[in-house]
Each structure stands twice: as structure tokens, then as C-alpha cells.
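To start, the structure itself, in C-alpha cells.
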Amino acid sequence: MPKQELPVLTTCCTPISEAALDPAQAADGAAVFKALSDPIRLRLMSIIASAGEEVCVCDITPHFEVSGPTISHHLKVLREAGLVDCERRGTWVYYWPIPERLTWLSTLLSVPAAV
């Protein structure tokens, strides 16, 4: 499987609690939130991110009561949002989270500590 061209990460210097997003940052954030707005995709993201390393699709699929093609579709949406990347090795595809994208999302939603 060829590497997908991931979206360019717009630098998010300031959390939304401190300053408004510019249009490009808002578009980036909306794509990520849209990808995570589905319960299956949110679970997929949590399984992949909590695995510690890459995880084989063969280990992901048994967690769901949907077909393999449905899981593949949801994983494609997560890849297109720049949240995960993958590599085919023989029959199986291995997935891992994109740490920079998770950091971007975390920074975007961070709230200043109460003083």
C-alpha cells in the first residue's frame, strides 16, 4: 500500500481558549473532528493510539461487529485526516498514530491551568 499524502499540519500556536483560529486552522480542525465524530472511528483511533506501537488490522477487526471492508473505510478516513498512517506487509496492513497530529489536536483544545 503506498503511503498516503497526509494533510499539511497547520501550526497551532495558540489554543482556541486563548485566540480565534484562522481559516486554515479551522479547516484542519474540522477535518479531524469530522473524522473522529463517528463512534467506530473514535474507537479505532483509541485502539491504535493506545497500542504503544503499530498495530495490525488483523488485531483491530475482532473488536468490532462490522465487516472488514467497513473497518477499512473507517481507517481510510482516519488516514485522510492525518491521524494515522499505515504500511502493507504481505497480507496485513499495520497502523500507527501520527504523534504530531495528536499533539496539534491536544494543543488546540488545551485550557490554561486554573491559578
Side-chain angles (χ1 to χ4, degrees):
M1 174 176 285
K3 295 269 186 181
Q4 298 289 323
E5 186 172 323
L6 297 175
V8 175
L9 296 178
T10 304
T11 304
C12 184
C13 300
T14 308
I16 60 174
S17 62
E18 296 178 16
L21 296 173
D22 67 32
Q25 291 168 329
D28 282 349
V32 171
F33 287 119
K34 184 175 181 180
L36 293 174
S37 68
D38 182 277
I40 291 175
R41 290 193 292 265
L42 187 57
R43 281 192 63 213
L44 282 167
M45 190 67 224
S46 71
I47 290 167
I48 295 167
S50 67
E53 296 193 14
E54 61 192 25
V55 60
C56 180
V57 71
C58 64
D59 295 324
I60 296 171
T61 305
H63 292 276
F64 298 90
E65 295 181 10
V66 296
S67 68
T70 299
I71 295 296
S72 293
H73 163 74
H74 288 299
L75 289 167
K76 177 184 175 189
V77 172
L78 293 174
R79 280 194 326 270
E80 289 173 348
L83 291 164
V84 299
D85 201 0
C86 65
E87 178 179 81
R88 178 175 293 281
R89 296 183 200 147
T91 305
W92 301 111
V93 180
Y94 291 80
Y95 290 85
W96 57 88
I98 305 295
E100 297 83 7
R101 190 59 142 178
L102 297 177
T103 299
W104 184 91
L105 186 59
S106 175
T107 301
L108 181 70
L109 296 176
S110 67
V111 176
V115 190

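- Minimum interatomic distance between Ala51 and Val55 (heavy atoms only, all atoms of both residues): CB-CB, 4.0 Å.
- Contact record, Leu102 with Pro97: CD1-CB, 3.9 Å, taken as the closest heavy-atom pair.
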Discussion item. Run Arg43 and Phe64 through side-chain contact (heavy atoms from CB on, under 4.5 Å) and show every step you take.
Written reply: CA-CA 9 Å; Arg43 281 192 63 213; Phe64 298 90; 3.5 Å; yes

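- Under the 4.5 Å side-chain heavy-atom criterion for Ile, Leu, Val, Met, Phe, Trp and Tyr, Phe33 and Val77 are members of distinct hydrophobic clusters.
- Connection of Ile48 to Leu36 is established within a shared hydrophobic cluster, with ILVMFWY side chains joined at heavy-atom distances below 4.5 Å, either directly or through further cluster members.
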Item to complete: Mind running side-chain contact (heavy atoms from CB on, under 4.5 Å) on Leu78 and His74 for me, showing each step along the way?
Response: CA-CA 6 Å; Leu78 293 174; His74 288 299; 5.8 Å; no

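- Rounded to the nearest 0.5 angstrom, Glu54 CD and Asp59 CG are separated by 11.0 Å.
- Note: the hydrophobic cluster containing Ile40 also contains Ile47 (ILVMFWY, side chain heavy atoms under 4.5 Å, direct or indirect links).
- Using a distance-only test at 3.5 Å, with no hydrogens or angles considered, no donor-acceptor pair links the side chain of Arg41 to the main chain of Leu44.
- The shortest non-hydrogen separation linking Leu83 to Ala35 is CD1-CB, 4.2 Å.
- Although no hydrogens or angles enter the test, the distance criterion places a donor-acceptor pair under 3.5 Å between the side chain of Ser17 and the main chain of Ser110.
- Heavy-atom minimum distance, Trp96 versus Cys86: CH2-C, 3.5 Å.
- With rounding to the nearest 0.5 angstrom, the CG atom of Asp28 is 9.5 Å from the CG atom of Leu21.
- Atom CD of Glu65 is surrounded by 12 or fewer heavy atoms from other residues, nucleotides or ligands within 6.0 Å.
- Contact between Arg88 and Gly90 at its shortest, heavy atoms only, is CG-O, 3.4 Å.
- For the pair Arg101 and Trp104, the cation-pi test (distance below 6.0 Å, angle within 45°) is passed.
- Distance OG1/Thr61 to CD1/Ile71: 5.5 Å, rounded to 0.5 Å.
- In this structure, Arg89 forms a cation-pi arrangement with Tyr94, its terminal cationic atom sitting closer than 6.0 Å to the ring centre and no more than 45° off the ring axis.
- Looking only at atom types and distance, the side chain of Ser106 has no donor-acceptor partner in the side chain of Thr103 under 3.5 Å away.
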